[in-house]
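Please read these numbers as outputs of a predicted model, since none were measured by experiment. We name chains A, B, ... by the order of the sequence lines, and we start the count at 1 in each one.
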Amino acid sequence: MAALTREETEALIQEVLEIYPEQAKKDRAKHLAVNDQSLEKSNKCITSNRKSLPGVMTIRGCAYAGSKGVVWGPIKDMIHISHGPVGCGQYSRAGRRNYYVGTTGVNTFGTMNFTSDFTEKDIVFGGDKKLAKIITEIEGLFPLHKGISIQSECPIGLIGDDIEAVAKKGNKEINKPVVPVRCEGFRGVSQSLGHHIANDAIRDWVLENRDGDDSFPTTPYDVAVIGDYNIGGDAWASRTLLEEMGLRVVAQWSGDGTIAEIEKTPKVKLNLIHCYRSMNYIARHMEEKYKIPWIEYNFFGPTKIAESLRRIASHFDDTIKAGAERVIARYEAEYQAVIDKYKPRLQGKRVMLYIGGLRPRHVIGAYEDLGMEVVGTGYEFGHNDDYDRTIQEMGNSTLLYDDVTGYEFEEFVKRVQPDLIGSGIKEKYIFQKMGVPFRQMHSWDYSGPYHGYDGFAIFARDMDMTINNPCWKQVKAPWKTDASSEAVKAAA
Amino acid sequence: MPSVMLKKNSEGKLVFYVPKKDLEEVAESVEFDTAEKWGGEVVLADGSKYYFEPIPMPDFPITLRAKRVDSGE
Ligand code: SF4
């Protein structure tokens with residue numbers, strides 16, 4: 001199918017909006033836009049980070065999900081208590097596939113679920129005593145843990161528990177950091193505020209721990225990788241490239257990360273931000289307080305990787321600059337082979353994305369390296385600054401949709417007819433049943449890593465095996481072909 | 001009176017960031033921009049204007065309070 005023109009795309013948006021009642025139509029219209037590269041600022045075309053409409057299907061999560069699931073959860077040597085009823089933690093347990101090394105239950109705790117398991121009694125009489133007891137118990141049962149975070153679920157804010165006081169007492173008792181996080185699910189409009197609250201908790205309770213302590217030997221090449229959650233091993237595939245070019249990665253936030261790394265981050269020379277949305281807050285804080293500059297980078301696909309490596313190197317001396325060139329040259333044969341193999345099979349295929357965080361814009365380059373085109377993209381919980389960064393990455397007259405509803409997404413797909421959709425698990429089966437190839441792009445459909453040169457090879461293979469899978473030809477029942485239905489009509 | 005985080009970008013231009021609004025914009029002009037006196041009216045690339053109480057040149061990046069000058073919205 002040929003690309004839609006600007007007018008056609010605009011008409012499509014109007015058509016999709018038709019079904020809504022007046023008020024809802026007005027609201028949703030602000031979240032749907034046709035991309036226009038000549039715009040410098042996204043607020044001229046799209047509204048984001050607003051409350052979802054009641055009654056529509058949204059794909060967003062809650063603030064607790066943003067803090068426990070995204071920012072804090074992957075810090076592997078801490079125990080994160082899902083404070084409140086059992087469900088929030090249990091149903092989200094280990095879902096993001098943040099890989100880590102260590103022995104689970106002994107010195108790492110990533111895939112385990114710790115909860116205060118609130119019952120009626122705790123809601124009525126308060127849960128602070130229970131929380132204090134849990135802290136003591138954890139210290140007894142898991143002595144090798146390096147700290148505790150208290151991830152508040154909705155009821156904590158409603159009943160007015162003083163988790164800060166419990167945390168301070170706990171900290172004295174066990175002599176390890178105990179961090180209260182006020183990330184109750186009802187705060188904000190999406191998981192995005194949870195990221196922010198989690199960043200603030202790190203700022204207030206962890207980051208200063210080693211201020212004035214110079215015992216950690218530093219080098220001029222110290223960097224921290226921020227906003228890489230090691231989904232399927234992403235951070236490892238990124239880290240090797242940085243180390244190969246001569247940098248020393250002091251901290252990984254927070255995939256396969258430890259609290260000690262986070263405490264040492266204020267000592268680095270440069271912060272490297274992959275997921276801007278979830279961790280720009282702490283980078284900005286460190287810039288102001290410790291004068292550590294930060295830059296965004298993108299490790300999806302060889303074009304963006306080379307660009308990013310050079311940009312990172314430009315902050316250092318010539319040895320690192322030479323290092324970056326060396327890394328790019330070293331992997332050239334490898335990634336060129338991947339492109340040569342898959343590009344002919346994927347050339348011209350059109351992709352629609354609807355994901356969160358950094359991906360709606362960051363993966364575009366990787367698709368383009370394979371000759372594919374992203375014709376629609378949107379963020380679950382992006383803000384205006386995310387869309388600012390997206391406009392230039394997307395082609396003109398492509399679709400932008402913010403906090404898209406289930407209905408809108410389906411209608412867009414029916415009309416645009418992409419060759420591939422990349423979105424979440426809740427969308428997967430709808431579109432597969434519609435016969436559209438689909439990749440779950442939150443945790444790489446149980447594959448990965450996708451970052452770095454190693455990741456690109458896996459990315460290309462996965463896209464190929466999804467799009468060119470013979471099963472898509474079998475989705476339609478043979479008697480439902482156009483020709484046979486004509487015949488039926490003729491016979492009747 | 002929004003808090004504004006100010007920093008210099010790689011071209012040495014002043015970058016304005018208002019966390020509450022996700023507003024990130026380059027400053028086109030600063031009324032007073034000397035070592036002894038910095039501040040006054042700051043005009044952003046999108047045309048909006050903010051006012052800072054003049055102070056001696058601060059050490060960027062820094063968070064300062066600003067007043068919106070135009071009543072755009
Ligand atoms: S909204 Fe509240 S109850 Fe629901 S998962 Fe989030 S914290 Fe738990």
Side-chain angles (χ1 to χ4, degrees), chain A residues 39-50 188-190 192-193 195-197 199-200 203 266 270-271 273 276-297 310-316 379 381-392 402, chain B residues 1-30 32-33 35 37-73:
Chain A
L39 288 180
E40 265 178 35
K41 286 282 158 189
S42 63
N43 55 12
K44 302 217 163 60
C45 69
I46 200 161
T47 305
S48 55
N49 199 28
R50 293 279 183 282
V189 300
S190 67
S192 184
L193 189 67
H195 305 142
H196 198 156
I197 293 168
N199 275 227
D200 290 353
R203 178 192 69 196
L270 181 66
N271 277 324
I273 314 290
Y276 170 85
R277 180 71 277 129
S278 59
M279 285 205 175
N280 79 80
Y281 317 101
I282 200 75
R284 289 180 194 276
H285 170 73
M286 281 192 263
E287 178 175 41
E288 186 170 347
K289 180 158 182 200
Y290 301 100
K291 309 288 177 215
I292 304 172
W294 55 276
I295 56 168
E296 294 167 59
Y297 71 104
R310 290 194 176 110
R311 179 147 14 104
I312 293 167
S314 73
H315 287 253
F316 293 94
Y379 295 80
F381 51 84
H383 297 203
N384 270 346
D385 43 358
D386 291 301
Y387 287 98
D388 286 345
R389 289 164 167 76
T390 311
I391 293 175
Q392 295 310 319
D402 178 67
Chain B
M1 284 259 284
S3 311
V4 181
M5 189 171 165
L6 298 160
K7 66 171 192 174
K8 293 273 164 99
N9 67 10
S10 49
E11 287 109 58
K13 280 204 159 181
L14 195 64
V15 180
F16 219 77
Y17 177 70
V18 186
K20 284 250 160 64
K21 295 184 148 181
D22 296 308
L23 170 80
E24 205 174 18
E25 195 67 79
V26 176
E28 288 293 310
S29 71
V30 183
F32 309 111
D33 201 4
K37 195 176 180 192
W38 181 94
E41 202 166 282
V42 175
V43 184
L44 302 189
D46 68 354
S48 56
K49 288 188 196 128
Y50 289 81
Y51 179 80
F52 290 89
E53 277 303 323
I55 48 167
M57 177 74 80
D59 186 10
F60 298 108
I62 191 171
T63 300
L64 295 172
R65 293 204 152 265
K67 254 197 254 144
R68 249 198 109 142
V69 176
D70 58 333
S71 46
E73 40 189 287

Legend entry - Neighbour count above 12 (heavy atom, 6.0 Å) for Glu41(B) CD: yes
Inset, instruction - Would you mind checking which part of Lys289(A) comes under 4.5 Å of any heavy atom in chain B, side chain (CB onward), backbone (N, CA, C, O), both or neither? - result: neither
Inset, instruction - Report the distance from atom OG of Ser10(B) to atom NE2 of His315(A), rounding to the nearest 0.5 Å. - result: 7.0 Å
Legend entry - Spatial distance of atom CZ (Phe60(B)) from atom NZ (Lys291(A)) [nearest 0.5 Å]: 9.5 Å
Legend entry - Contacting moiety of Asp46(B), where chain A heavy atoms sit under 4.5 Å: neither
Legend entry - Lys41(A) side chain near Glu25(B) side chain, heavy-atom distance below 4.5 Å: yes
Inset, instruction - Answer yes or no: is there a side-chain heavy-atom contact under 4.5 Å between Arg389(A) and Glu24(B)? - result: yes
Inset, instruction - Rounded to the nearest 0.5 Å, what's the gap from CD on Glu287(A) to CD1 on Ile62(B)? Could you check? - result: 12.0 Å
Legend entry - Spatial distance of atom CG (Asn43(A)) from atom NZ (Lys21(B)) [nearest 0.5 Å]: 10.0 Å
Legend entry - Asn280(A) portion near chain B, given a 4.5 angstrom heavy-atom threshold: side chain
Inset, instruction - Could you tell me which non-hydrogen atom of Arg284(A) sits nearest to which non-hydrogen atom of Met5(B), and how far apart they are? - result: O-CE, 3.1 Å
